[in-house]
Amino acid sequence: MEKQVIVLIVTIVAIIAFVFIKGFFDTKRNLKNFRFMLKNSFGQPVDKKYEPTQYQNISKYHQKNRGEYDVDDITWNDLAMDSVYMQMNSTYSSAGEEYLYHLLRSPLTTKEKRAELESMIQYFTEHEDARVELQIAFSRIGKTGKYSLYDYLDFLDDLGERKNEKHLYGIFAYISGIVALFLNPFVGMVFLIGTMCYSLISYTGEKSEIEPYYTSLLYVLRIVKGIETIKKADADVIKPQVETLNEKKKAFSKFLRKGKWLERGDIGSDPLSVVYLYLKMMLHLDLMVFNTMLREVRKHNKDINDIVTIMGRIEASIAIASYRASLEHYCIPQFDTGNVLKIENAYHPLISEPVKNSITANKGVLLTGSNASGKSTFLKTVAINVILAQCINTCLADEYSAPIYRIYSSMALKDDLYSGESYYIVEIKALKRIMDAMNDDNEVPVLCFVDEVLRGTNTVERIAASTQIMKSLIGNHVKCFAATHDIELTHLLENDYENYHFEEEVIDDDVVFNYLLKTGRATTRNAIKLLSVMGYDEAIIDNANAMAAAFIEKGHWVSNVER
């Protein structure tokens, strides 16, 4: 019998040893493979998918840390900046993910901020080992899961004051039951079983109530502990940031001590996890630790935001370095104090094999051309590149120079079905916000992009109102890029705006676009040519051409034209 017991014990020990040894080597192999993947994925296109709720959470840091010159929601959505963001989001932590989003919406308005970001981008481009070690550190910090950290922090007050007295009473009840066992075994056993049942039931209810916040404290714990791992990466460029992180860490000494208890007990993390799981359910150990840590978090909310900011900026700079390496070409933008915007061979980041265009805008720009000729894409190309230049010090062009702008757009608008507002109402509200920004006391000039001014109303009123609105969007404090189908505007505004156009050709009964920007107003009338391609009556086509030619010559419409 003793021999069988010894064999059983040896077998159990051997199994435990095997599990530990296998786990050790599996972890080592996985880390090696992950490090290899990080080295090879640098500069490669990012292919991440997001659920709508996940994507909402990414914006939470930005909502808490908005700045004076941020890209607003209308402009962000007009330019499909969500997709641009996803192209460069190679981050592994929520801090990096949320900060990168914030960075793309927050222009770097000073040389110092741009220089700091640029130094990190350049360093991580050139120092692979430091970059990889930091990415591993951020992957260990990881993501918050279903919600943003800021969702949890916002609602901490909903939990109210949580004290440990009732949990201590439970432990006292267990002690009393054990003492009772020696005095009256039956009474002691009944008392212990009753206490255990009550503890398990109350634990389940309270744990479900605090579960989301429990997750957030674990994430804060990973962030604070991650400071040490980031320090070990030994990246010279972030030494000032690491020093600041170390100072912030000192405020969390009690939080870290208690956190050791909170981390334990995840099933499968070690052989004692199941035992600890039942102990904490009976004694409410993690609930008491949670209450203590909750008080610490409430005291250090600002410190947590500062740590997220510093860590996020570091990881975001790695993501930008990788994004740059994935581009066909880019330039470091130059900023000046004039009001001239110059961009050479700029291209759109979301278009494969894009056509590149250049422009030097001394004043406003008015674009004409037919549908699908390239007007809207060019507006978006310039707008996106201005945002990238100002926010991540990177421009998808050969050369870029301009002042710092506040950027607004009125482009991809729609009827608001929820409020019952028509397209026209939505449009004039979007334009009004630009004019309000232009007329405030802010010294930073406005750069706006308008696609089809007042397209939501009739021709006569559209041209009259558009002319006056466009005239108001000129001056030293504002520059406007606008696209229109109304050739009348190119004459009415020719003293205030530079005319450019896109054109197309009808070749072999097909429309061919080259998407190249040309100076001057549009002169082609291929919309009428297309009627011929589609088999319309020749008289209709001839009369339409004659009317259009007469308008261009006389500046007003004539319904009956002699041919």
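Numbering of residues begins at 1 and proceeds along the displayed sequence.
- Dense packing is recorded around NZ of Lys363, with more than 12 heavy atoms of other residues, nucleotides or ligands lying under 6.0 Å away.
- Checked for salt-bridge contact, Lys113 and Glu116 miss the test: no charged N lies under 4.0 Å from a carboxylate O.
- For Arg131 (side chain) and Phe124 (main-chain N/O), a donor-acceptor pair under 3.5 Å exists by modelled atom type.
- For the atom pair CD1 (Ile463) and CD1 (Ile487), the distance works out to 10.5 Å, reported to the nearest 0.5 Å.
- Using a 4.5 Å heavy-atom threshold, the side chains of Ile314 and Tyr99 count as separate.
- With Tyr219 contributing its side chain and Ser94 its backbone, the two residues share a donor-acceptor pair below 3.5 Å.
- Under a 3.5 Å cut-off, the side chain of Asp440 and the backbone N or O of Asn442 do form a donor-acceptor pair.
- Salt bridge status for Glu399 with Lys342: present, with a side-chain N to carboxylate O gap under 4.0 Å.
- Taking the charged nitrogens against the carboxylate oxygens, Asp303 and Lys248 do have a contact shorter than 4.0 Å, which makes a salt bridge.
- The environment of Tyr147 atom OH is sparse: at most 12 non-hydrogen atoms of other residues, nucleotides or ligands sit within 6.0 angstrom.
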For this session: Kindly indicate, with the supporting measurements, whether the criterion salt bridge (charged side-chain N to carboxylate O under 4.0 Å, His left out) is fulfilled by Glu98 and Lys64.
Result: CA-CA 11 Å; Glu98 293 190 35; Lys64 287 292 181 183; over 6 Å; no
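- No hydrogens or angles considered: a donor-acceptor pair under 3.5 Å links the side chains of Asn339 and Tyr405.
- Ion pairing between a basic and an acidic side chain is recognised when a charged N comes within 4.0 Å of a carboxylate O; Arg433 and Asp72 show such pairing.
- For the pair Phe255/His300, no side-chain contact is recorded, criterion being any heavy-atom separation below 4.5 Å from C-beta on.
- By the 30° and 60° cut-offs, the orientation of the rings of Phe378 relative to Phe481 is tilted.
- Taking the side chain as every heavy atom from C-beta outward, Ile318 and Gln135 approach each other to under 4.5 Å.
- Cation-pi check for Lys375 over Phe502 is not met; the charged atom does not lie both under 6.0 angstrom from the ring centroid and within 45 degrees of its normal.
- Looking at residues two or more places apart in sequence or on another chain, you find a side chain to side chain contact (heavy atoms under 4.5 Å, CB included) between Thr377 and His348, Ile351, Thr381.
- Remark: Tyr515 OH to Asn357 CG distance equals 12.0 Å, nearest 0.5 Å.
- Aromatic rings of Tyr85 and Trp76 (six-membered ring for Trp) have centroids beyond the 6.0 Å cut-off, not under it.
- Using a 4.0 Å cut-off between a side-chain N of Lys or Arg and a carboxylate O of Asp or Glu, Lys479 and Glu498 do not qualify as a salt bridge.
- Put simply, the side chain of Leu473 does not reach to within 4.5 Å of the side chain of Val446, judged on heavy atoms.
- In terms of modelled atom types and a separation under 3.5 Å, the side chain of Tyr408 and the main chain of Ala437 share no donor-acceptor contact.
- In this structure, Arg406 contributes its side chain and Tyr69 its backbone to no donor-acceptor pair below 3.5 Å.
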For this session: Take Val365 and Val382 through the test side chain to side chain contact (heavy atoms under 4.5 Å, CB included) and record every step on the way to the result.
Result: CA-CA 12 Å; Val365 171; Val382 176; over 6 Å; no
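- Put simply, the side chain of Glu315 never gets that close to the backbone of Phe138: no donor and acceptor are under 3.5 Å apart.
- When side chains are defined from C-beta on, Met120 counts as touching Ile238, because their heavy atoms get closer than 4.5 Å.
- Pro333 approaches Cys395 most closely through the heavy-atom pair CD-N, 4.4 Å.
- Rounded to the nearest 0.5 Å, atoms OG (Ser59) and CG (Asp73) are 8.5 Å apart.
- When all heavy atoms are compared, the tightest approach of Ser41 to Ser322 is O-OG, 4.1 Å.
- For the pair Thr75 (side chain) and Ser409 (backbone), a donor-acceptor distance under 3.5 Å is present.
- A donor-acceptor pair is defined here as one N or O able to donate and one able to accept, closer than 3.5 Å; no such pair exists between the side chain of Arg114 and the backbone of Asn393.
- In this structure, Arg222 contributes its side chain and Lys143 its backbone to a donor-acceptor pair below 3.5 Å.
- Considering all non-hydrogen atoms of both residues, Gly43 and Ala325 come closest at CA-CB, 3.6 Å.
- Asp129 has its side chain within reach of Lys39: a pair of non-hydrogen atoms, C-beta onward, lies under 4.5 Å apart.
- The two residues Gln390 and Pro403 come nearest to each other via the heavy atoms OE1-O, 3.7 Å.
- The CD1 atom of Ile227 sits 6.5 Å away from atom NZ of Lys249, with the distance rounded to the nearest 0.5 Å.
- Ring geometry for His62 versus Tyr101: interplanar angle over 60°, hence perpendicular rather than tilted (30 to 60°).
- The aromatic rings of Tyr61 and Tyr150 lie perpendicular to each other, with more than 60° between the two planes, well past the 30° mark.
- Checked by atom type and distance alone, the side chain of Asn305 never pairs as donor or acceptor with a backbone atom of Lys302 at under 3.5 Å.
- Annotation: side chain of Met411 is in contact with side chain of Leu79 (closest heavy-atom distance under 4.5 Å).
- Electrostatic pairing of Glu228 and Lys225 does not count as a salt bridge here, judged by no charged N lying under 4.0 Å from a carboxylate O.
- Using a 4.5 Å heavy-atom threshold, the side chains of Asp398 and Cys331 count as separate.
- Once rounded to the nearest 0.5 Å, the distance linking CG of Leu117 with CD of Gln122 reads 10.0 Å.
- Ion pair Asp436/Lys429 not flagged as a salt bridge, since none of the NZ, NE, NH1 or NH2 atoms sits closer than 4.0 Å to an Asp/Glu carboxylate oxygen.
- Here the CD1-OG1 distance, from Ile141 to Thr91, works out to 11.5 Å after rounding to the nearest 0.5 Å.
- The aromatic rings of His127 and Tyr123 sit parallel to each other, their planes meeting at less than 30°, with 60° as the upper class boundary.
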